[in-house]
Amino acid sequence: MAIGFDQNQRITELSETLTALHDAASGEFKAAFSGQLERLNGWTARIAAIGQVKAGKSSTLNALIGELNFLPADVNPWTTVVTNMRINIPGDPKSGARFDFFDEASWDRIINGDRRVRKAAKTYLPGFDPELLRSQTEEMRAYAEKRLGPSYVKLLGKHHKYDLLSDGLLESYVCAGAGTDQEIQKGTLGRYSSITRAANIYLDIPEYRVPTVITDTPGVNDPFLVRDEFTCQALDRSDIFLVMLSAHQALTEVDVALIRMLSMQGDKDVIIYINRIDELEDRAARIERIVADVSERLKAAVPDASFTILYGSAHWAETAMDESLSDADIREFMTEERVEELNEAHNLDAFKSPRARLYAASGLPMAKKALSAAIDSGSGARFIDSIVAEAQVQIGAMKTLSQRQRNDLQDRIEMYASGRIAECKETIEDELALLAQTHTVINTTNEIVNTELDRAMNDHWVALQREMDQHIANFIRAQKKTVIAMWDGSGNVEETQIDLLPLRIALESAFHRRYETARRALDDTMQVALNNASKAANRSMRGVETQVSMNALPGNSVAVTFATSSKSLRIDLIAQKSWKFWREKDVDLEKTMDGLRRVTAAEVFPATSKMVEAFMATMSERVLAGKGRLDTIAHIVEQSLNDRIKRLREDYKMLAKDDTPEAREAILNRLRNDIEIIDDRLRVIATRESALAGPDADAVAA
Ligand SMILES: Nc1nc2c(ncn2[C@@H]2O[C@H](COP(=O)(O)OP(=O)(O)O)[C@@H](O)[C@H]2O)c(=O)[nH]1
Ligand SMILES: [Mg+2]
């Protein structure tokens, strides 16, 4: 099937519209339209597969790109590196790959762990044993050195590039595994993976109608925080998520937390895919129960969201796609696997060939359909809407300016034709003065508003940080009982961990609530400013309305994904050996609670700092766009002013030199000519504007 067919269509149409507007526009409007064109042409559908290790992410993605055995998928080796399959991206090579290595700084973080947590733990928790972490990381360094020789350091910060992918090449960069010594000697499996940060593979697949990046992620519980961080960064960049579950493994708490976090980010599409259904006994009945169970648990965890829940089997898809198998082979496979059970249960028996039936039963067609729908009506549609909204602002402004210019030209034609030049000079100068004054008023108001917005952003940012600190303090206070019990008790403390998941959920909620509050406040301020500026501008625009609005600003909601592993969310860095100090007799409870609070703050620091950063970045993006709208109004007034001054100067200069009927006629001709140019522009604007508004707007108008 064609994936992203509608989106491709819309991109083509919008691109044509923007090009026509760009050609008809002048000055800064031209630049605005070409900026929008550039964004449009750079758009990419971004899909990421996430979820439990061994759920079948890599296998399913192989089936999705139609190349079996492309991404390494096996019990061992396993993926450890974020792998981007870049499909039909303009400017990319048609094939081959590029592997980026860690740079010194991130490698240092791998070796030394998260200094902040360790430093806090060492300072505040007597008995903390940093050696545990060190020995673990030293192992990793030793491994890299064993594989790559002592000169591995030279590779840091560099990349490797290939024009073609050969067999085993991917394995040596993206896999880790308990490789045998033989494999290590051969130097294939996982040779570079310990220092590879990201893999980019270039593909050319006609089935994908829009540029698409599909990201395969390792499971999100890498022992090294920095790897999780790279996974999270990949997730931040993605818009569509294929959350892969295994049919015989329950939805874990970590899965639910991850799905919850993704779906709280308003602009992301989440598709739940239950794989490995071939391994279920009593399949038809079990699947219904699993889907119902997953759906119920997600409803409880994220009440406001609705999810597409699909299921299938990469194993069946692979078999259906295997061209070395005959129809008879496939029929036999289907009997063995009792595939028809599912076909009957799901009315799939309209398909004729066994291959088609097996493929349908594998769930792959549904997965493709869901991805395509997510592109067409989810992230892709939202992107198109945002460009259309920006284009409409520019069109409105251009229309206002052109109409105003047209009125001016008309006036001057009448004036010069009737010979009332001296008299008109006066009224025109009055008008110029009004325009200049309006411009000053708007600029001054905008400046004040800008300062106000910056201050408000800062206030909300500070408030967010304060709220987070409070949540951490409250959370730790609530642990007091547990802590006392731990150390009064039998001394069996080694198994105790403080689960940070509830804290994370509290922080997340606080974060989204604060953003909502901030957004409303900033929106109100920007709307008031816009109303004032429009009013002032309209007074000087002689009946032509400035049509700038604050519609469809970016940053409706804020998106951020932070370290997702349960490991990094539990204080198990200081678990095991390090909890020994609890057994000592005279532990100062208050001091310990304070230490615990600090360690917790350090532990969740990567998450909180990411939230704070994303908060500011998203707010700034919205405010910047809002300020842009205010500037557009100032720009209209300024352009009118400059335009009039320039034209009048030219007129007067000509008339001063040579005030004859012929000279006047020449000016009149030039003015009529100018009107024609503006009329052409207005015609282009009118056609393109109604095209942009879409068929619905036409229906309303008719
Ligand atoms: N029976 C069965 N095995 C599967 C299926 N999908 C994947 N596997 C196997 O499960 C193992 C892990 O798959 P992989 O794609 O590497 O999982 P990942 O860790 O999520 O990327 C491999 O041995 C696959 O062949 C499936 O639908 N059915
Ligand atoms: Mg994998």
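First listed ligand is number 1; within each ligand, the first listed atom is number 1. All heavy atoms count here, side chains included; hydrogens, waters and symmetry mates do not.
- Ligand 1 places these atoms under 4.0 Å from at least one heavy atom of A73: 14 (P), 15 (O), 16 (O).
- The Mg ion (ligand 2) lies at 2.8 Å or more from every N, O or S atom belonging to S59.
- Taking all heavy atoms of H248, R276, M244 into account, the minimum distance to atom 11 (C) of ligand 1 is reached by R276.
- Annotation: I277 places no N or O atom under 3.5 Å from an N or O atom of ligand 1; distance criterion only.
- The contact set between ligand 1 and S313, taken as ligand atoms under 4.0 Å from a residue heavy atom, comprises 27 (O).
- If you number the atoms of ligand 1 from 1 as listed, the ones under 4.0 Å from a heavy atom of K57 come out as 15 (O), 17 (O), 18 (P), 19 (O), 20 (O), 21 (O).
- Taking every heavy atom of E279 and a limit of under 4.0 angstrom, the matching atoms of ligand 1 come to 1 (N), 2 (C).
- The atoms of ligand 1 that sit less than 4.0 Å from any heavy atom of K54 are 12 (C), 17 (O), 18 (P), 19 (O), 20 (O).
- Those atoms of ligand 1 that come under 4.0 Å of a heavy atom in H315, given as number and element, are 2 (C), 26 (C), 27 (O), 28 (N).
- Remark: S326 pairs with D329 by the side chain to side chain donor-acceptor pair (under 3.5 Å) rule, at least two apart or across chains.
- Although no hydrogens or angles enter the test, the distance criterion places a donor-acceptor pair under 3.5 Å between the side chain of T608 and the main chain of F605.
- Residue contacts with ligand 1: G312 is placed with no nitrogen or oxygen under 3.5 Å of a nitrogen or oxygen of the ligand (distance criterion only).
- A donor-acceptor pair is defined here as one N or O able to donate and one able to accept, closer than 3.5 Å; such a pair exists between the side chain of N275 and the backbone of A314.
- Heavy-atom proximity to G56, at under 4.0 Å, picks out these atoms of ligand 1: 6 (N), 7 (C), 13 (O), 14 (P), 15 (O), 17 (O), 18 (P), 20 (O).
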Compile the donor-acceptor pairs under 3.5 Å between side chains in residues 86-93 and protein atoms, sequence neighbours left out, one pair per line.
unit_1: R86; atom_1: NE; unit_2: D92; atom_2: OD2; d: 2.7
unit_1: R86; atom_1: NH2; unit_2: D92; atom_2: OD1; d: 3.2
unit_1: R86; atom_1: NH2; unit_2: D92; atom_2: OD2; d: 3.3
unit_1: N88; atom_1: OD1; unit_2: I205; atom_2: N; d: 2.9
unit_1: N88; atom_1: ND2; unit_2: I205; atom_2: O; d: 2.9
unit_1: N88; atom_1: ND2; unit_2: Y208; atom_2: O; d: 2.8

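- Considering backbone and side-chain N/O atoms, D216 never comes within less than 3.5 Å of an N/O atom of ligand 1.
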